Amino acid sequence: MKSIAALHDVVTPWSDGLEPSDAELEAIEEELPLILAERDLLDAEIMTLDRTPTEVDVQRIRRACRRVLAARTALENKAAALPSSGGAA
C-alpha cells in the first residue's frame, strides 16, 4: 500500500509563503478582540436559529453587538492614532 504525504510536490507544492509573516501575525493579534467579539455574536445568533429568542437571548445578542462595536471602535481609533506614512501635511 502506498501512502501519500501532504508535502509531496504532486499533492501540495511546497512554498515558503505557507507560513504567515511576522507582520501578518501582528495584524491578527491586533484584530483578535474584534474576531473574538464577532465569534461571540455569531454564537449568540446561532443559539436562536431554531427557537424563539427569550429575553436572555435578546440580552446576550445585544451585549455581543455592543462588544463588536466597541472592538471595532477601538481598532479604528488605534489605526487613526498611528502616524500616516507620507502624504500632504
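Everything quoted here is computed from the prediction, not taken from an experiment.
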Just verifying a value: how many Å separate Met47 CE and Arg60 CZ, rounded to the nearest 0.5 Å? 4.0 Å
Could you give the distance from CG (Leu75) to CG (Leu32), rounded to the nearest 0.5 Å? 11.0 Å
Run the numbers on Asp57 and Arg51 for salt bridge (Lys or Arg N to Asp or Glu O under 4.0 Å), then give the verdict. CA-CA 10 Å; Asp57 293 328; Arg51 60 186 166 91; 2.5 Å; yes
Roughly how far apart are Glu55 CD and Gln59 CD, rounded to 0.5 Å? 5.0 Å
If you measure from CZ on Arg66 to OG1 on Thr73, what distance do you get to the nearest 0.5 Å? 13.5 Å
Please give me the minimum heavy-atom distance between Leu25 and Pro20, naming the atom from each residue. CD2-CG, 3.7 Å
Is any side-chain heavy atom of Ile61 less than 4.5 Å from a side-chain heavy atom of Pro53? no
If you look at every heavy atom in Leu34 and Arg72, which pair is closest and at what distance? CD1-CG, 3.4 Å
Calculate, to the nearest 0.5 Å, the distance between atoms CD1 and CG belonging to Ile35 and Asp40 respectively. 12.0 Å
Rounded to the nearest 0.5 Å, what separates atom CG in Leu41 from atom CG in Leu69? 9.0 Å
Keeping Glu45 on the side-chain end and Leu42 on the backbone end, is there a donor-acceptor pair under 3.5 Å? no
